[in-house]
2 protein chains.
Amino acid sequence: MVRKSASGRIGIADVAIKAGVSHATVSRVMNGNYTVDPEIAARVRAAAAELKYQPNPVGRSLALGKTDTIGIVVPDLANPTFQAILRGLSRAAAQDGYRVLIADSFEVSSEEAILAGEARRRCDGLVLCAPRMSDVELEEIAPSLHPLVLINRSTSAPDVPSLVVDYGQGVQDIAGHLVELGHTRLAFLAGPPRSASNEMRLKGLESFKAAHPEVDVTMLEGGSDFDTGHEAVDAVLASGASGILAFNDLVAMGLMSGLHERGLDVPGDISVTGFDDIPFAKYTTPALTTAAVPITELGEEAWHQLRTLIRKEGNETPGSRYQPRLEVRASTGPAKAPRSTVHG
Amino acid sequence: MVRKSASGRIGIADVAIKAGVSHATVSRVMNGNYTVDPEIAARVRAAAAELKYQPNPVGRSLALGKTDTIGIVVPDLANPTFQAILRGLSRAAAQDGYRVLIADSFEVSSEEAILAGEARRRCDGLVLCAPRMSDVELEEIAPSLHPLVLINRSTSAPDVPSLVVDYGQGVQDIAGHLVELGHTRLAFLAGPPRSASNEMRLKGLESFKAAHPEVDVTMLEGGSDFDTGHEAVDAVLASGASGILAFNDLVAMGLMSGLHERGLDVPGDISVTGFDDIPFAKYTTPALTTAAVPITELGEEAWHQLRTLIRKEGNETPGSRYQPRLEVRASTGPAKAPRSTVHG
DNA sequence: ATCAGCTGAGAAAGCGTTTTCTTGGATCGC
DNA sequence: GCGATCCAAGAAAACGCTTTCTCAGCTGAT
């Protein structure tokens, strides 16, 4: 007859009674403490097996002061970029026996601090992924979130490594590629206003404009998903640009789809570029020219940084900077000869 | 001077001391128990605010016997279908104040039971998403996982609602659509061997073949991602089929990309269909004909079912069956006149 | 004026572990 | 052979919270 503790679940006490030993001994056996008589250990193990005893992680967490869980806060779980980061993080953490708790802020920046705080308290560490909150707010809460790893943001708080992708350089590479193809009128389909990565792209474009005064760059408002790109067709055409830098691959795909519906040829009439190199980018027609970011790897690295923080391995935590790699595919091509130019 | 408890973090005891009351009173105030003198309550709240006290969820969980967290086990976090389910689940659960812990089994079915058990013990309930484990194993562990909701699998265990998509019907609808377009030679690019949804598709195709003996259906081995489709081009062409049912949208996209590289026109030369209607399906060129499954909604419903289980609202938990909706787009078209047929 | 009845707040007992502290018994050295 | 040393295992404290139990002090009725 299986004896149950009051709660109905089998606890350490049940095993102790069944094996005729104390709670402490059961705990020792379960944790591989070898200062226990082999014969008794065997008896405990047998009792545990018979009762199908599984230690309660909550009690364990309370006693040990750790949960073996980390949290991640993302602005939008629908975004493939964040999905990829989550995947990399989850896989890497799992290898070290940690689980991941997710919190989706749905792009409402005012929720982020609360979500982050709640998640942090439940976990041993936190990854804040591309938070939309203001710099001052980030500075304010960062210390209370330690151990903390930032993605695509940074803070002056000590011991908060930040992994940032150099979107500014990436966007310049793309623009350079388009100019080499003869495009002189470019347009940038911007991302979400509060996105720091968008800010970095804009800064990159400023540098680019400074270095290439002959090139005309139009800024268009946008977002981060398909529909943004799809709906931007009119604005893009109105801009008169022949080379379009979309905020990311999703926007680029939406745009290409819209252009296709209008009967326009990519890259014959217009060249389109994305950003991120999500898995889909390779399989669009035409295949998308983009700047590849090793996103999954970034998630893994986030775990590694967080791990050293959690383990308090005093090594300085440097953070890292990732350089996007230009991935030229079929969605970009030579600019048409401008209408104003007379051939021959 | 902020007094700290031994652990370094501020606990209920610190607030109690600062406010000059007992632990119990602080707890009462923090939980909105109104049997406490307003003046004292105010003092406690002030102390809590000043110390920035935040209750420790682990202690709370242990005392209350609940974690306000649910777990989900998926076979592959890289699969957009599971991402969408996760998203729906996470959003719906968040609205009720629950968080989601994720566990990715990376398609290794032997890990699932362990992952599920661990996740379940940390959480108040579990969603098992398209588990790859065998039926007998599922039957075996299901009772120990309660409260449990199954997606795309079912079990005889009581009180385990299962949400299943009628892939069998969906695949028949697609096949019917292709036949209406005049295709008489079809091929099915199958999914992962252990996938129950693949099994359901196969069953559906059997029914279809029985009802349409004149149609030839070739079965091809496959998988669930882009590359599967991309690599299947040769096999598809060798089959001689003019209408291809891909396991899902990803496979279809990979296949279309491969066909495009071979210079073949979709749907001019070959019609291709997907399954799921992931967001990308609308934006492929040509836009993908597929069977739409309300996946995110399914994730939400999973939460609702789990919620009634957790709350022990005795209502029977029926589970639901979802009918895919045929979404005809541009990747399917009339079959070419068969070579063997003489016109006129 | 006295006592039952009530109320508000402190004391303490859980929740399920781990870990320190303690103790009885065995071991070892002289 | 006896005290110092050590070891294995039990008792108990700790982790941080909630909640029951308890009791002092008060209200109000007789």
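Each chain gets a letter, A, B and so on, in the order the sequences are listed, and its residues count up from 1.
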Between [N] atom [atom2] and [X] atom [atom1], what is the distance in whole Å?
X: His23(A); N: dC15(D); atom1: NE2; atom2: P; result: 19 Å
X: Asn56(B); N: dT17(C); atom1: CG; atom2: P; result: 17 Å
X: Leu51(A); N: dG16(C); atom1: CG; atom2: C1'; result: 15 Å
X: Ile40(A); N: dC7(D); atom1: CD1; atom2: C1'; result: 12 Å
X: Tyr34(B); N: dA9(C); atom1: OH; atom2: P; result: 15 Å
X: Asp14(A); N: dC15(C); atom1: CG; atom2: P; result: 11 Å
X: Leu64(B); N: dC15(C); atom1: CG; atom2: P; result: 13 Å
X: Gln54(A); N: dT17(C); atom1: CD; atom2: P; result: 10 Å

Thr155(A)-Glu139(A) side chain donor-acceptor pair, cut-off 3.5 Å: yes

If you measure only the distance, is there a donor-acceptor pair under 3.5 Å linking the side chains of Thr67(A) and Asp124(A)? yes

With respect to the side chain of Ile12(B), which nucleotide from dA11(D), dT18(D), dG10(C) is positioned closest? dT18(D)

Of the candidate nucleotides dA11(C), dG16(C), dA8(D), which contains the atom at the shortest distance from the side chain of Leu62(B)? dG16(C)

Considering only heavy atoms, which members of residues 24-33 of chain A lie under 4.0 Å from some atom of DNA chain D? Ala24(A), Thr25(A), Arg28(A)

Assert: residue with more 5' nearest nucleotide on DNA chain C, out of Ala63(B) and Asp37(B), is Asp37(B)

CA sep, side-chain torsions, deciding dist, call: Tyr34(B), Arg28(B), side chain to side chain contact (heavy atoms under 4.5 Å, CB included): CA-CA 8 Å; Tyr34(B) 292 111; Arg28(B) 283 191 267 260; over 6 Å; no

Please classify the nucleic acid contact of Val21(B) as base, sugar-phosphate, or nothing, using heavy-atom distances under 4.0 Å. sugar-phosphate

Has Tyr53(A) got a side-chain N or O lying under 4.0 Å from the OP1 or OP2 atom of dT17(C)? yes

Would you tell me if any nitrogen or oxygen in the side chain of Arg60(B) comes within less than 4.0 Å of OP1 or OP2 on dG16(D)? no

For a side chain to side chain contact (heavy atoms under 4.5 Å, CB included) with Arg122(A), tell me which candidate from Asn56(B), Asp68(B), Leu101(B) qualifies. Asp68(B)

Carboxylate-amine/guanidinium proximity below 4.0 Å for [X] and [Y]:
X: Asp104(B); Y: Arg91(A); result: no
X: Glu50(B); Y: Lys18(B); result: yes
X: Arg194(B); Y: Glu107(B); result: no

